[in-house]
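All residue numbers in this chain count up from 1 along the given sequence. Note that the structure is a prediction, hence the values are computed from the model and not measured. As the structure lists them, so they are numbered: ligands from 1, and atoms in each ligand from 1.
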Amino acid sequence: MGAFITVDIGGTQIRAAAYPESGTQALAVRKTSTRAGHEKAFDRLVELIRSVFPRDGNVLSITVATPGPVDPQAGVIASAPNIPGWDNYPLRDKLEAAFHVPTHLGNDANLAALGEWRFGAAQGHAHLLYLTISTGIGGGVIVDNRLLLGARGLAAELGHLTVLPDGPVCSCGQRGHLEAVAAGPAIAAFVRDQLALGAVSSLGGASDLSARAVGQAAKQGDPLALRALARSGEYIGMALADFLAVFNPSIVIFGGGVSFSGELLLAPVRRSLGLRVMDQAYLEGLVITTAALGDNSGLLGGLALAHTLQPQVSA
Ligand SMILES: [Zn+2]
């Protein structure tokens, strides 16, 4: 029996898993840190993949989920935010040379969308929009049961929509993108600014003011933390109204650390969306929910891609 190997390159960890030909129960999962020691990232990646390789060596494919822009057709990583030197990096060819196994690359948010569609919250939906909100905002779109890739595989960068033309500078260098006003760092920055202006909050003495800390304070009812999430939700709802007009999905799924705040974020999103949507018809039957696959979205998204490319195999 053949196995699928999937790899998720994250900001702090690289994880690899081997899955059987059918089913989503991993046979083996291993991890390493994204940046460690003097060894090259590629060498550590090869070592990690080798550590989950089945004994019989029968691997059907290797799939790699990577953050940032990637050209899946060419098999090239345009840039990897956490791995210096991986610019226009031909990872697919290098892995195929190392393992002699068909290898596929995908943007991690795109693959997470595919994972939710095949194994998670969006099963049965042909039109899906996925937004991951953490340090940045990533996106994935499925239209008519197909992942939207675009001409160079660069489609669905949903975090880089302009919502505030003169707003703060985004990680991509442009101004006022959704990511720059609504992702985790923007939530933490808003709280810091308000505290400096004299706002009262349980976060007042916090030394490490992260979006996670804001989320926890919001769960305890802290008014400033709730305001910070509501502000983020307001912008996300604004962008979502645009996305609905373009893609008309039947389900919108939120993943990433900030989405763990659940309704504290989603209620403001719904409110903002309701005020701005072009026509109420877009909201009829629309499901807005959080991701089901959690930390495994990259690995299972890679598995979903592997299944899609190997259609005789069933989940
Ligand atoms: Zn941007």
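Side-chain atoms of Arg175 come within 3.5 Å of backbone atoms of Gly167 as a donor-acceptor pair (strictly under, hydrogens ignored). Listed for the Asp144 side chain is no donor-acceptor partner under 3.5 Å among the backbone atoms of Arg146.
When distances from the Zn ion (ligand 1) to the N, O or S atoms of His160 are compared, ND1 comes out shortest. No other N/O/S atom of His177 lies as close to the Zn ion (ligand 1) as ND1 does.
For the residue pair Gln220/Ser202, the side-chain donor-acceptor check at 3.5 Å is not satisfied.
Checked against the 6.0 Å centroid threshold, Tyr19 and His307 do not count as a close aromatic pair.
Between the SG atom of Cys172 and the SG atom of Cys170, the angle taken at the Zn ion (ligand 1) works out to 110° after rounding to 10°.
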